[in-house]
Amino acid sequence: MVKKRNQILSAIAIILLCVLFGLLYINKKNIKKEISYNEFLQYIQEEKVEKVILGNESKLKVKFKGEDGFYKVENPRNPSLKETLLIQDISVEENTENTPLSIIQGIMVIAFFSLGFWYVQKQWKKQQPKYSMAMEIDDSRKQQQKITRFYDVAGNEEAKEAVEDVVDFIKNPEKYSKYGARMPRGIIFYGPPGTGKTLMAKAIAGESGVPFFAVSGSDFVQMYVGVGASRIRDLFKKARMEKKAVIFIDEIDALGKKRTVSGTGGNDERDQTLNALLTEMSGFHEGEGIVVIAATNRLDILDEALLRPGRFDRHIEIGLPDVTGREKILCIHAKNKPLNPEIDLKKVAKQTVYFSGAMLENLLNESAMLAAKRSGEMIQWEDIDQAFYTVIAGAAKKDRSGVLEKDRKITAYHEAGHALVTKLIAPENTVSKVTIIPSTKGAGGFSMNIPPDKMYYTKKEMEHQIQVYLGGRIAEEIVFGAEEVTTGASNDIEKATSLLKDYVMKYGMSKETGILNMHILADVGQKQIVQETVFQECRKQMNHLYEKTKNLLIENKFFLDSIAKELLRKESLTEEDLNQLVSISL
Ligand code: ADP
Ligand code: ZN
């Protein structure tokens, strides 16, 4: 179809070219040769000239009596020439307007160049197959593709909850605008690759029953200046034509990475594309049902301009699934496969720690391929076992399960330490989740420890916060020994130190150093003493808090063990789980 059209267009181009050259030739043929102005004047005197064509061009055309065709003469552009000729009874034609022939010639030239331009552009567009393919797929997806719903996305319950209102908004934007409520124009999903960010965006479109437009930030890299921006405008135009839509931009970091401080101006094209995106987003009407969702593996590398209110101001983490999540994902992808009923997906879920949803899907797919290869009736346990190594082949060939187990145990105790200290001394803090699945924010698992939102923090609360930070390292020490503590606490130590520094230097909370602002003292030339004093005091305080917390955890070792065990079993615990574990025996 496309090929045929190209052939027709090439034919048109060739015909146009022939006609153009033909016309030029005819024109040329009419003109015989050039004569000098003096010769021309001479011929006038000899009364041999029949007709002269005057014009604004650089040459005049002269016709002689009894001859066909014209001769060219230098045009003196002399206003009295016409009179001279007329007096001599020579007919004069003025050629100030374009002859039909020259008009046709002009049109032909324009047509030819437009055609050439169009062709080059088309050829160049072909070099970006990813983008156009995405658009084409999307167009067809609207009609025939299976609609993705929330039940196709397993796990990620928090994320689902966080986007429920978005679905409602797309369906009834008027409802929200009536109350003056401003829905987030842009949502960012962030988390490791293959965790279902795209899937979730599709599900939002599916649930709301609106078309889904997808592009990837990396498609815009290395384009000519201005092209990316115009594509963004096209994309939004398309979405607007549908009235309601979900626009998905994968790998937004390719467009919206933080500009380096020392950077040399950065990338013009990228900036223009990004600006076009932000402009389009701010151009939405409140009552419009268009939502832009972007995905990235890392939120921290994005330019702040993107994250400002009114832009991508809702950030939703989509993390690696825990054991229950993995089981659910496996269930979804096992549905259309002949799995031996004896295979326990729960067991598979347990063995696939740190697997993403995409890896799990891949695992079952590889197993199915193995079963097909050996023409087996069903997928057997051996197939899954073998596929397991194919899927993690990228990582390391050697059996890592032993190492993994040890890592898991360390993480479990570390996180249990943070959680238990919180429960024991800072119960007003919310522990929304404790998990041993690594998040994008930290290396190991992390426990969300949200202090109550208030204006002032007391001295005691600051100490407690530092103790919570220390809890992870202390748990490691108690369980595995002082020589076995790990690098996992680096972030905790950083935060604890920073807090303690303020405690001493800024808030005058240390009895030893008194109510003094150490920064000001350092400014008036006491730098050396201040540094020495602050260092000594911080060290003393930290050791004191460490010992205090250590005793607390030793006294409550029973709870530490039970939280850690439960974490190893379930991988993530809610606040409720935690309360139950700690209060049963309190
Ligand atoms: P991301 O956009 O986060 O890189 P995708 O959404 O592209 O990940 O996920 C790739 C595939 O992995 C999906 O098409 C789906 O088959 C599978 N998958 C990932 N996460 C899930 C999940 N939570 N539930 C079901 N399938 C998932
Ligand atoms: Zn920690």
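Just the heavy atoms: all of them, side chains too, but no hydrogens, waters or symmetry mates, feed the values below. In this text, all values refer to a predicted model and were calculated from it rather than measured experimentally. One-based numbering, in listed order, for ligands and for the atoms of each.
Taking atom 25 (C) of ligand 1 as the reference point, the nearest protein heavy-atom neighbour is D152 O, 3.4 Å. Scanning the protein heavy atoms around atom 16 (O) of ligand 1, the nearest turns out to be H333 CE1, 3.1 Å. Protein heavy atom in closest approach to atom 7 (O) of ligand 1: T198 OG1, 3.5 Å. Of the protein's non-hydrogen atoms, the one nearest atom 27 (C) of ligand 1 is L199 CD2, 3.5 Å. Of the protein's heavy atoms, G357 C, 3.7 Å lies nearest to atom 18 (N) of ligand 1. The protein heavy atom nearest to atom 10 (C) of ligand 1 is A358 CB, 3.9 Å.
Ionic pairing of D383 and R374 is present here: one or more N-O contacts between side-chain nitrogen and carboxylate oxygen are shorter than 4.0 angstrom.
The N/O atoms of A154, backbone and side chain alike, include one that comes under 3.5 Å of an N/O atom in ligand 1. Residue E361 has no N or O atom closer than 3.5 Å to an N or O atom of ligand 1. Among the atoms of G196, some N or O lies under 3.5 angstrom from an N or O of ligand 1.
Each of the atoms 23 (N) of ligand 1 lies under 4.0 Å from some heavy atom of N156. Taking a cut-off of under 4.0 Å to the non-hydrogen atoms of V153, the atoms of ligand 1 that pass are 23 (N), 24 (N).
Side-chain contact between T422 and L578: absent, with no pair of heavy atoms (C-beta onward) separated by less than 4.5 Å. H418 has its side chain within reach of D492: a pair of non-hydrogen atoms, C-beta onward, lies under 4.5 Å apart.
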Quiz item: Can you check side-chain contact (heavy atoms from CB on, under 4.5 Å) on T324 and K570, steps first, answer last?
Solution: CA-CA 7 Å; T324 6; K570 286 174 74 177; over 6 Å; no
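Atom NE2 is the N/O/S atom of H414 found closest to the Zn ion (ligand 2).
In this structure, F480 and Y413 have perpendicular ring planes: the angle between them is above 60°, well past the 30° mark.
Between Y457 and Y503, the ring center distance fails the sub-6.0 Å criterion.
Atoms NE2 of H418 and OD2 of D492, as seen from the Zn ion (ligand 2), are separated by an angle of 90°, to the nearest 10°.
A donor-acceptor contact under 3.5 angstrom links the side chains of K423 and N579, judged on distance only.
Contact between V434 and L567 at its shortest, heavy atoms only, is O-CD2, 3.7 Å. Of all heavy-atom pairs spanning H464 and I425, the tightest one is ND1-O, 3.3 Å.
Here the straight-line distance linking atom CG of L420 with atom CG of L560 works out to 6.0 Å at 0.5 Å rounding.
With G194, P192, P321 as candidates, the residue nearest to atom 4 (O) of ligand 1 on a non-hydrogen basis is G194. Proximity annotation for atom 20 (N) of ligand 1: of I329, T195, I332, T195 comes nearest, heavy atoms only.
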